[in-house]
Trainee: 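Sharing a structure, written as structure tokens. Questions coming.
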Amino acid sequence: MNLRTPGPTPCPPEVLEAMSHQMINHRGREFKRLIETATARLKALYQTSSDVLILTASGTGGLEAAAQNCIGAGDRVLAISIGSFGDRFAQIAQIYGGNVTKLDFEWGTAADPAKIDEVLKNDPSIETVLVTHNETSTGVTNDVGAIAKVVKAHDKLLLVDAISSLGSIELPMDEWNCDVVVAGSQKGWMVPPGLVFVGVSPRAWAKIKTVKTPRFYFDLEKAKKSLATGETPWTPAVSLFYGLDISLKMLLDEGVKAVDARHRKIGAYTRARLAEIGLPCLADEKYASNTVTPVKPPAEVDIKGLLTAMEDERDIVLAGGQGKLDGKIFRIGHLGHVTEADIDDVIANLTELLPRFGFTPKVGAASA
Ligand SMILES: *Cc1c(COP(=O)(O)O)cnc(C)c1O
């Protein structure tokens with residue numbers, strides 16, 4: 001099966017093989033080696049000297065951990081949203097007692113740092129800002145570097161959902177001054193779902209000490225304390241740590257800049273191949289994501305029928321739209337262990353199937 005969704009993503013054979021390891025004592029020396037190696041490598045890929053914690057949970061668990069630990073009851077929070085994952089982070093912050101102001105941008109566009117500046121200027125009571133680095137539902141990458149500059153000029157705490165970017169798209173946590181950065185194993189890290197990484201700056205730790213929100217499983221101070229002895233507070237997903245051990249080494253051997261360049265290249269390639277057959281992308285080229293491309297065919301195209309046929313007849317799994325984009329777009333994931341040949345395969349099969357579902361691809365494209 002050819003999984004072309006923006007997470008889970010295909011795992012390299014070496015990662016799959018590593019995960020078949022017999023179980024070990026998670027309070028023993030071998031696990032200590034695994035977690036210490038993974039943490040050091042993650043810090044290198046986060047480009048940070050701050051702590052990076054590894055929790056056993058899906059990406060949303062990491063966002064929940066960020067909210068529980070960093071947002072106190074009644075804290076004023078600015079939640080920037082450009083799609084359904086931005087909405088989710090805002091909702092989590094609200095559930096944990098944050099007094100949330102939403103700043104929404106049209107789906108398919110990026111957040112405007114000037115607007116963020118204006119809101120922060122007009123409302124000095126805001127303490128914390130939430131932002132999505134790469135909005136997986138709309139295929140847009142926010143300029144977190146520019147946004148962080150604005151947020152830091154106002155001296156606010158910045159929590160970043162980098163779940164579908166970090167590990168593929170560069171996010172230098174220290175240089176950009178981000179306080180909490182969340183990333184998930186099943187995206188560009190080439191590991192199955194189940195681990196989430198949470199980078200925590202010294203400033204975030206200072207805030208965490210003051211937050212009284214009840215927390216247990218996701219208590220980041222407990223995670224930090226356990227890590228000091230090479231452990232996790234609770235039983236971790238041990239098998240995934242074996243996979244992570246291999247994938248992080250692969251990413252570091254390649255290098256942060258090269259990984260970012262590889263995704264830039266495959267992102268641009270995917271958009272160019274879609275343009276060739278006349279299929280429009282949802283997002284404008286200037287902020288288009290290099291990990292996921294949402295395609296917006298004309299309204300009469302039967303997207304659900306197309307995706308079912310791609311899966312049943314061609315063994316290629318694409319993702320549909322989320323929230324208000326359900327039935328209006330489909331998405332091609334191109335993060336992690338995916339090549340341009342894999343994209344060619346998607347385009348060739350789309351070209352063959354599309355006429356049956358109401359779209360005539362531009363001629364001459366299928367032969368590439
Ligand atoms: C995938 C994703 C999530 C959610 O992760 P889960 O692992 O499904 O909980 C959150 N934010 C973004 C941007 C994502 O791409």
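This structure is a prediction, so every number in the text was calculated from the model and none was measured. Excluded from the calculations below are hydrogen atoms, water molecules and symmetry mates; all remaining heavy atoms, backbone and side chain alike, are included. Counting convention: from 1, in listed order, for ligands and their atoms alike.
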Trainee: Looking only at protein heavy atoms, identify the closest one to atom 8 (O) of ligand 1 and say how far it is in Å.
Mentor: Gln186 NE2, 4.1 Å
Trainee: I need the atoms of ligand 1 closer than 4.0 Å to a non-hydrogen atom of Arg88, numbered in the order shown.
Mentor: 4 (C)
Trainee: Please could you name the atoms of ligand 1 that Asn134 approaches to less than 4.0 Å, counting only its heavy atoms?
Mentor: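 Selected atoms, number and element: 13 (C).
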Trainee: Side-chain atoms of residues 71-87: list all donor-acceptor pairs with protein atoms under 3.5 Å, sequence neighbours left out, distances to 0.1 Å.
Mentor:
{"unit_1": "Asp75", "atom_1": "OD2", "unit_2": "Gly72", "atom_2": "N", "d": "2.8"}
{"unit_1": "Asp75", "atom_1": "OD2", "unit_2": "Lys207", "atom_2": "NZ", "d": "2.8"}
{"unit_1": "Arg76", "atom_1": "NE", "unit_2": "Ser125", "atom_2": "OG", "d": "3.2"}
{"unit_1": "Arg76", "atom_1": "NH1", "unit_2": "Asn99", "atom_2": "O", "d": "3.0"}
{"unit_1": "Arg76", "atom_1": "NH1", "unit_2": "Thr101", "atom_2": "OG1", "d": "3.1"}
{"unit_1": "Arg76", "atom_1": "NH2", "unit_2": "Thr101", "atom_2": "OG1", "d": "3.2"}
{"unit_1": "Arg76", "atom_1": "NH2", "unit_2": "Asp123", "atom_2": "OD2", "d": "2.3"}
{"unit_1": "Ser81", "atom_1": "OG", "unit_2": "Gly83", "atom_2": "N", "d": "3.4"}
{"unit_1": "Ser81", "atom_1": "OG", "unit_2": "Gly83", "atom_2": "O", "d": "3.0"}
{"unit_1": "Ser81", "atom_1": "OG", "unit_2": "Asp87", "atom_2": "N", "d": "3.1"}
{"unit_1": "Ser81", "atom_1": "OG", "unit_2": "Asp87", "atom_2": "OD1", "d": "2.6"}
{"unit_1": "Asp87", "atom_1": "OD1", "unit_2": "Lys102", "atom_2": "NZ", "d": "2.9"}

Trainee: Think Lys152 forms a cation-pi with Trp176, using NZ or CZ under 6.0 Å from the six-ring centre and within 45 degrees of its axis?
Mentor: no
Trainee: When you check the side-chain N and O atoms of Glu30 and Tyr242, is any donor under 3.5 Å from an acceptor?
Mentor: yes
Trainee: Counting each atom of ligand 1 from 1 as listed, which ones have a heavy atom of Ile163 under 4.0 Å away?
Mentor: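 Answer, ordered by atom number: 1 (C), 2 (C), 3 (C), 10 (C), 11 (N), 12 (C), 14 (C).
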Trainee: Among protein heavy atoms, which sits nearest to atom 3 (C) of ligand 1, and what does the distance come to when rounded to 0.1 Å?
Mentor: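 The closest heavy atom on the protein side is Phe85 CE2, 3.3 Å.
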Trainee: Would you say Thr293 and His334 are linked by a side-chain donor-acceptor pair, where the criterion is simply a distance under 3.5 Å?
Mentor: yes
Trainee: Give every donor-acceptor pair under 3.5 Å between a side-chain atom in residues 278-288 and any protein atom, sequence neighbours left out.
Mentor:
{"unit_1": "Asp284", "atom_1": "OD1", "unit_2": "Lys286", "atom_2": "N", "d": "3.0"}
{"unit_1": "Glu285", "atom_1": "OE1", "unit_2": "Arg271", "atom_2": "NE", "d": "2.9"}
{"unit_1": "Glu285", "atom_1": "OE2", "unit_2": "Arg271", "atom_2": "NE", "d": "3.4"}
{"unit_1": "Glu285", "atom_1": "OE2", "unit_2": "Arg271", "atom_2": "NH2", "d": "3.1"}

Trainee: Has Val292 got any heavy atom lying under 4.0 angstrom from an atom of ligand 1?
Mentor: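 Val292 does not count as a contact of ligand 1 under the 4.0 Å cut-off.
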Trainee: As an exercise, identify every atom of ligand 1 less than 4.0 angstrom from a heavy atom of Ser58.
Mentor: 6 (P), 7 (O), 9 (O)
Trainee: Run the numbers for me: atoms of ligand 1, each under 4.0 Å from some heavy atom of Thr60, listed by number.
Mentor: 4 (C), 5 (O), 6 (P), 9 (O)
Trainee: Only heavy atoms of Thr136, strictly under 4.0 Å: list the atoms of ligand 1 that pass.
Mentor: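 In order of numbering, the contacting atoms are 12 (C), 13 (C), 14 (C), 15 (O).
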Trainee: Is there a heavy atom of His133 sitting under 4.0 angstrom from any atom of ligand 1?
Mentor: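 Contact absent.
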Trainee: Give me the residue, atom name and distance of the protein heavy atom closest to atom 11 (N) of ligand 1.
Mentor: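 Minimum-distance protein heavy atom for atom 11 (N) of ligand 1 reads Asp161 OD2, 2.6 Å.
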Trainee: So, Asp174 versus Tyr46: side-chain donor-acceptor pair below 3.5 Å or not?
Mentor: no
Trainee: If only side-chain N and O atoms count, and only distance matters, is there a donor-acceptor pair under 3.5 Å linking Asn142 with Thr132?
Mentor: no
Trainee: Have a look at Thr39 and tell me which of Ile54, Leu34, Leu53 forms a side chain to side chain contact (heavy atoms under 4.5 Å, CB included) with it.
Mentor: Ile54
Trainee: In the protein, what heavy atom is nearest to atom 2 (C) of ligand 1, and what distance, to one decimal place, separates them?
Mentor: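 Going by distance alone, atom 2 (C) of ligand 1 is nearest to Lys187 NZ, 2.6 Å.
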